Asker: 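Submitted below is the structure of interest, expressed as structure tokens.
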Amino acid sequence: MQVALSNESPDEALKTVVRLLRESSEYYDWVGIYLVKEQSLVLASYAGEAETEHVTIPIGQGICGLAAEQERTIIVPDVNKDPSYLMCFPSTRSEIVVPIKGASRVLGEIDIDSNRLSAFTLRDREMLEETASMLATYIQNQGSTPQSQESR
Ligand code: SME
């Protein structure tokens, strides 16, 4: 994963991360990275069979928006039982959202949908929180290079 972030453009790097994450588990059916832009989460990259209609999610809405607002990982073992859940794919049964926390604010998040009920374990959570922390360092470093002057 570190290698993915070392020699690529930011777009390519995020694309590689979502692809590697998806390939890392048979039950990670859709993997996305959203980045915070003003008061919303904007989909930056995803790996999965289908596109989502939720490419922009206001902070506070859906599981994604709640995780960003509350700055904590949210695991939903059964999406059909969670009233906050915003449906993207009819096949999804469970979801994990892990915030990418910068020094002073949430920068984005990793969102994974699984077609399996109660798919996500403590081990998934720990691995994804580690990945999110690595992404936070990467995104913050991008912010201090001339590349970030491009409006992204
Ligand atoms: N289910 C999310 C929306 C994003 S899709 O899963 C890709 C939510 O409830 O916020």
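Being a predicted model, the structure only gives us computed values, none of them experimental. Atoms within each ligand, like the ligands themselves, are counted from 1 in listed order.
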Asker: Tell me if the CD atom of Glu51 is crowded by more than 12 foreign heavy atoms within 6.0 Å.
Answerer: no

Asker: Can you sort out which atoms of ligand 1 are near Asp111, meaning under 4.0 Å from one of its heavy atoms?
Answerer: 4 (C), 5 (S), 6 (O), 7 (C)

Asker: I want to know if ligand 1 touches Gly65 in the polar sense, i.e. an N/O pair below 3.5 angstrom.
Answerer: no

Asker: Does ligand 1 come near enough to Thr52 that some N or O of the ligand is less than 3.5 Å from an N or O of the residue?
Answerer: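 No, since none of the N or O atoms of Thr52 sits under 3.5 Å from an N or O of ligand 1.
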
Asker: For atom 1 (N) of ligand 1, which protein heavy atom lies nearest, and how many Å away is it?
Answerer: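 That would be Leu86 O, 2.8 Å.
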
Asker: Would you say ligand 1 has an N or O under 3.5 Å from any N or O of Ile63?
Answerer: yes

Asker: Within this structure, what is the OH-CG distance for the pair Tyr85 and Asn80, rounded to the nearest 0.5 Å?
Answerer: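 If I round to the nearest 0.5 Å, the distance is 7.5 Å.
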
Asker: Of the backbone atoms (N, CA, C, O) and the side-chain heavy atoms from C-beta on, which set of Asp113 has a member under 4.0 Å from an atom of ligand 1: side chain, backbone, both, or neither?
Answerer: side chain

Asker: Could you tell me whether Glu95 approaches ligand 1 through its side chain, its backbone, both or neither, with non-hydrogen atoms closer than 4.0 Å?
Answerer: side chain

Asker: Do Asp124 and Tyr27 have side-chain atoms, one donor and one acceptor, less than 3.5 Å apart?
Answerer: yes

Asker: Check ligand 1 against Gly62 and write out every atom of the ligand that is under 4.0 Å from a heavy-atom position of the residue.
Answerer: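 Listed by number with element, the hits are 9 (O), 10 (O).
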
Asker: Give me the atom names and distance for the closest heavy-atom approach of Pro99 to Val97.
Answerer: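 Closest pair (atom of Pro99, atom of Val97, distance): CD-O, 3.9 Å.
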
Asker: Which atoms of ligand 1 are found less than 4.0 Å from any heavy atom of Tyr34?
Answerer: 4 (C), 7 (C)

Asker: Under 4.0 Å, counting heavy atoms only: does Trp30 come that close to any atom of ligand 1?
Answerer: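 Checking ligand 1 against Trp30, which is what was asked, there is a heavy-atom contact under 4.0 Å.
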
Asker: Under a plain distance cut-off of 3.5 Å, with no hydrogens placed, do Ser114 and Glu95 share a side-chain donor-acceptor pair?
Answerer: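 Short answer, no.
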
Asker: What do you reckon, is CD of Gln70 surrounded by more than 12 foreign heavy atoms closer than 6.0 Å?
Answerer: yes

Asker: Tell me the contacting part of Cys88 for ligand 1: side chain, backbone, both, or neither, using a 4.0 Å heavy-atom threshold, strictly below.
Answerer: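 Near ligand 1, Cys88 shows its side chain, while the N, CA, C and O stay back.
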
Asker: Could you grab the distance from atom CG of Leu66 to atom CG of Asp82, nearest 0.5 Å is fine?
Answerer: 8.0 Å

Asker: As an exercise, identify every atom of ligand 1 less than 4.0 angstrom from a heavy atom of Tyr85.
Answerer: 1 (N), 9 (O)

Asker: Under 4.0 Å between a Lys/Arg side-chain N and an Asp/Glu carboxylate O for Glu26 and Arg116?
Answerer: yes

